[in-house]
Structure formats: C-alpha cells, structure tokens
Amino acid sequence: MAKNLVIVESPAKAKTIEGFLGKDFLVKSSFGHVMDLSKKKLSVDIEDGFVPKYEISPDKKKIVSELKKYADDAKTVWLASDEDREGEAIAWHLVNALKLDEKKIKRIVFHEITKSAITKAIENPRGIDKNLVDAQQARRVLDRLVGYELSPLLWKKVKPALSAGRVQSVAVRLIAEREEDINKFKSKSSYNITAKFDINNDFGKSILFAELSKRFNTKNEAIEFLEKCKPAEFTIADIETKPTKKSPAPPFTTSTLQQEASRKLGFSVANTMRVAQQLYESGKITYMRTDSVNLSNLALAMANKEIKESFGEKYAKTRKYFTKTKGAQEAHEAIRPTYFNVKKVEGDNAQKRLYNLIWKRTIASQMSDALLEKTNVTVNISNLKEKFIAKGEVIKFDGFLKVYFETSDQENQEEQKGVLPPLRIGEKLLRNEIIAEEKFTQQPPRYSEASLVKKMEELGIGRPSTYAPTISTILRREYVVKEDKPGIQRNYIFISLKKDSITDEIKIEKSGYEKAKLFPTDIGILVNKFLLQYFDNIIDYNFTASVEKEFDEIAEGQKIWNEMIGEFYGPFHNKIDNTLENSKKFSGEKLLGLDPKTGKNIFVKIGRFGPIVQLGETDDDDKPKFAGLKKGQSIETITLEEALELFKFPRNIGKYEDIDLTIAIGRFGPYVMHNKLFYSLAKTDDPTTITQVRAVELIEEKRKKAKENIIREFKEDNSVKVLRGKYGPYLSIKKKNFKIPKEMNPEELTLEDCLKIAEDPKNVPKKRFSKKRK
DNA sequence: CAGTGAGCGAGCTTCCGCTTGACTT
C-alpha cells in the first residue's frame, strides 16, 4: 500500500498527477463536494447560530467509503482540492467524512497541472484555512435560506413547484427586463447619405465610396440635400493616415469560450461544456471550468516555440494576462491545449471544431500585435458645409490576425472597411450617384444563452460550473423559452440622385430575425414582478457583489460568518412572514374589457396550469368561463379581440366517418378531437381557421404513423403489440409497457413470448422521476 | 404526457457549487 494518498477534485486530474509523482503516491478523486445539506429539509439550525447539518451526499457514499479505505492505509493524506472557497470546504468535509486524524493530513494547493507546480506544492504543505471554510459555509447557508424560504412562498402565492434563488432569479430578471425594453421601444428612422465618386487621376481610374457625416430626419430634408448636390463640386479636402494596432484577446475562460463557441460554431452553452469535458477527459485541453486567463510558464514556453516554428520569430510575443472579472477565484489556468504542437485532434466533428477554436485563441494570445494603417478622407461640397468621409484600413502586418479574429455581438453594425484608391488633396471628384436611404434604429437585442452568461459574469453572479446548469434551470421551470423569431418585412424609402434626376422608390428589407434567443414566459414575468415587489433586495443586481464582499471579509478573518448571516436573515425572514400573511394570491390578473354579448368582464391571469382568460367574476353565482391562451400569446400583450376568439373553443368543424370533429386548445396546445382520440395541430395550423379537410389529413397522418410503428401484432389478442419507440422496440400490453430482453428478436416474438416477457418482473419499467401532473 | 381552471385538503415541489455518469420502454 502506498504511504501517501493524494485527493483531488477531478478524476482526470488524478490520472495526470499520478504520472508526476512516484510509486509512493496514490492519487484519487473526490468527484467534487462529498458533503452537503440534505435536499429534503432546510438543514440549518436557525435558533442556534445557523449551524448547518451536513450529510454525506447520497451519490457520494460509495466514493467516501472507498476513499476511507485508502486513507486508513496511508501514512499521510494530502488534501489537494482547488485553492478557493469551495475547494477549502471540500478538504474540510473530507476530514470529517473520512474521519481523518488531523496529524495525518496535509493541505496542498496548485494552480496548474505541471510537474514543477505539483512538486513545489508537496514541498509547501499547510493546514486547512478555517476562515476560508467559514466563508464557504456562509455562502452555502445564505443560498439555502434564500432558496428554501422564497420557493415555498412562491408555491403558496403564485404556483406550486416554482423556485427562486440568488442566481436564477436575477437571470430571469435580466431577460424579463430586456423584453420590457423591447416592448417599450419605438423605432425611429433617419436618412443616411452615401456617395459613389468616379476617380480619374494620374494613378488611373477607380471608385471612391463615402458617407455623409450627418443624417437627415425627414424625407424632405434628404431630398433638399440631394437637390443642392446637383450643381455642387466635390473636392478632396484632407487625407489623414494614422498607424494603429490591434492586440489579441486573452485566452479562454469558461464564459468567453461559451460566447465564442456560440457565435462562431453555433453551440449552445451546454453543448460547449459537454464537448469541452470530452476534450479534457481525453487529455487534449486543460480544465474547462475556470475564470482565469493565466497561462503557466510551461504553456507560455510551448506556445512561443510553436509560433516561432510555424509562423516565424516576428510573430511571437509572450504576454501575461490578468483577470478583471468581479469575484474571480482563479484556481486553475485558462482553457488551453495541453500540447500546442497538436494542431488537430481525433474525435467527432464538434470536438475537432472546439479544439481548433481553443488552439487558435490560445496561440493568438501569444502572438504579436497586428499593425494597421487607417485613412480618413474628407470630401468638401462646394455649396454646403456638410462633408463626406471615406474610411479605409490597410493591414501592414497581420500578427495574431494570421490565426484568430475575435467576433463581437454587434458585428453587423460594423461596416466593411477596405483599401482606398490613391488620391491627392485638392483633387476634384466626379459625382456618379448619391443615395439617401431610410434607416431604422434597432431594438435592443434579446439575450442568447451566451450573452446572458456574459452579463452574469459582469455582475459577478454565478460561477463557471453553474452557468450552463442555471440556464437549464430557468428553462426547465419555464420561466424562459429558447426560440427563433422570424423577421418581419419592412418598407423603406430609397432615394437616388444620378446625373440630374432624383428618383425615389420603396424597397423591402427583412429585419429583426433572431435565432435561439431567450424569451420570458408569462410565469417568468409574473414571478419576477412578485420578487421585485416584495424582495427587490435579493434580485438587486448588486446583491451578490455586496455579499461576496462580506464573504471575503470572513475569509480574511475580519467577520464572523454566522453573525453576518444573522444580520441578513432577520429582516429577510420578517419579510417572508409579512408577505405570507398580508399579501393576496399573485395571479397578475388584469381587466381586458367587456364581453359585448354578456356584458361581463373579461380578465387575463395566470391560472393553475398557465395563462388563461376568464369571462365573468370569480365570486359570481354563475361560474366564470375559462380558456387557455394559444402558444405565442402572452398576458402582457393579448388584446380583447384575441381573448374573445379564445372563448369560441371548443368548436365543431364538421364530421368525418360520421363522427364530429372538434377543435379545442388544451394543455399541450390546440388539437382535433375525433372519436375520443386527440390529434395535435401542427405549428403552422391556426385553430381559428382550420378546415375539415386539414383536420382529416392530421388524423390520417397520425394513423399512418402509428401503423408504421407496429412491429408485431396478434390476431388472437389485439391488446398485445410490439412497437417501435424513441428508444427502440418495446412491448405494449393494454397501455402498459415492457422492456424486451436483448437476446430476443422483436420481429420474431410470438404471443406466448410476449406474455412471458410481461410476467418477468425485471422487464417491468422502472418508475422514473415523473413530473407530477395532478 | 392529456385536455383542467377548486378549496374534504394527502404529500410533494425548492437553493448554489463542486464533480461525473447512467441510460430511458
């Protein structure tokens, strides 16, 4: 048995480190935290100093007992979890969970997985930093108190099974407020003037494009300007060139990797992390959950060598980067290739592309600046004081641009700049065409997954390990949805001056197309309103930053952790009690108007199962009539007319096979009901206008599909069927499903085989965690 | 999946941050 046991957080890391250390060292992993508060209960003793009641996490029991065996056999246990708050707590929990003798443990830390860093760490052990552990406890307890007291309040006041927390609720707030800005936004138009000049000088013939420094607010002003251009002379007044340079972006952190993979490769945040994890586990890249832009000295040397060999001496420039991010804990290196001479990796397409991106970004970060020359040409108009400006840009030395160009979210705003033709000051230009085009101001863009991560990082909310899970949480709770929005066609005015005639026409452009953006749902908007009204301090954008400051003070030993929690909890809990007692159910109810037929009020609100319209008063003798909203409708924007439409369901649209066809809107959207069977409408079908012919088509389609999925059926007993499902063939008997043993061929099963399968208990489907529906 | 919109009131839902697998009938 090895004399030394080293425990790190990640198994891939354990494997690498074991290679650096000798035979006397056994390296194992804890797989992250091993102890936590119970999921079932609050597990914080509020009466007695907020002491947390930890337990060994159910999924870690096996690992803990394994580690305990190794630890008992070892002479020294080296606790090598990350050097941050969470890592320190992991080390402390390991001492408790493995019941380690304090004399037997040594705490070591390193920021990079290199042999020299590990050796140095082993030479400089320390004890567990209890202040840092306390800072983690404060963080953990605060999040638990906020999450487990706010969520039940939502269950009572808004809707069951909702959730709220320090991180997720701010993410929802960002998205809800952006939507509000978009709804309030009024597009304004102005006229942008561009000119095309013919050049015919001693350098030869060419063309110059230039833009007027001023925009006009109305069509008349634009035309007036063009009229004045008719007799005008155009002269080059000034040519100004100045050298500039561009520097590369720092290497990737989790957040910047997610952003660039989204923009350049179209990956979702979760997909990026999944692929990065694969690359990490196969040893191709360093750790992918990091907030650090730092590279190890070893990495800097490797990059330098690679650049010199591939691109030449003058392309290499060693650079050190420093983190500006709020609350960064920098326990790891930046995300980089493990070996820079590996330019391509084996694996699937996604792995190849993500690796390529990481390789280029890291290499570029160690390359020299790109040298540019920017030119501004000013063109005078003889009878006006406005000027035309032509801009040009020439790359004198490409530097890092040879391998990598960072994109930005608003890149379509950037005009393309190119090389300008040779020109002289004082030269007269020939007017070819001048154009006035109506341009509209752009509404604020909705968040994508990646731009939401960027914003959260700026606010210091969430950590590299939680960005992706937070997005899945708010999607799973249906606070937001990820969707495409088709653009709308828009007319704009286009005026042209050519020779001596001005023509104007109406052109069509498509605008506002958005792909995979985050939209708030009605329930997301409602929960945000509730929290804003009663707990604005929790979802304040600065809340996390201010508690982080206090956690830092605890880590420094300047504050006692449970005193800090006490100061927060008193007022917070009072507010919970107060809201519980004094506030009514929060349904977002809004009066839309009167029903012209009955004269009763029509309301829109959130019901038990989502947004509904209501005809009549709740406390009336006649029960009110309800109807669910259609997909795409929202309680924020629905009109009285649209609400009246909804009350027309269910509606009869004729007969098929002598049985009524009924259209209605249900839990899962609009459907056709026929002979007590349901047929969902397609997204493109409109339930208000759908025809009998189309409904029959839907029915026949579903019948055909069901037939195709039948592998075996039996004349003797038509309740027994072998069907093709999402996960392969399965057996269905009277709506109960069974697994088919792997050694049996589903195509050849007899009725007897099927009945036998159904009797075997190991084929009975396991009860999956099911979303409770009623 | 299942097509509702309440109050006989069971028992459940929920947080953030560390890690990686198990695997649907």
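- Backbone-only contact: Val167(A) has heavy atoms under 4.0 Å from sugar-phosphate atoms and none from a base.
- For the residue pair Lys585(A)/Ser587(A), the side-chain donor-acceptor check at 3.5 Å is not satisfied.
- Closest to the Arg139(A) side chain, of the nucleotides dG5(B), dG17(B), dT13(B), is dG17(B).
- A donor and an acceptor atom never sit less than 3.5 Å apart when one is taken from the side chain of Arg463(A) and the other from the base of dC16(B).
- By the side chain to side chain donor-acceptor pair (under 3.5 Å) test, Arg140(A) pairs with Asp36(A), sequence neighbours left out.
- As judged by a 4.0 angstrom heavy-atom cut-off over every strand, Lys40(A) is placed among the base-contacting residues.
- Between Gln277(A) and dT20(B), a side-chain N or O to OP1/OP2 separation shorter than 4.0 Å is present.
- Counting non-hydrogen atoms under 4.0 angstrom, Arg166(A) reaches the backbone sugars and phosphates but no base.
- Both Phe31(A) and Gly607(A) lie close to DNA chain B; mapped to their nearest nucleotides by heavy-atom distance, the more 5′-ward contact belongs to Gly607(A).
- Using a 4.0 Å heavy-atom criterion, one finds that Ala164(A) contacts the sugar-phosphate atoms exclusively.
- Across all strands shown, Leu723(A) has no heavy atoms under 4.0 Å from either base or sugar-phosphate atoms.
- Using a 4.0 Å heavy-atom cutoff across all strands shown, Gly462(A) reaches sugar-phosphate atoms only and no base atom.
- A salt bridge links Asp143(A) with Arg166(A): at least one charged nitrogen is closer than 4.0 Å to a carboxylate oxygen.
- Contact annotation for Gln614(A): no contact, since no heavy-atom pair falls under 4.0 Å across all strands.
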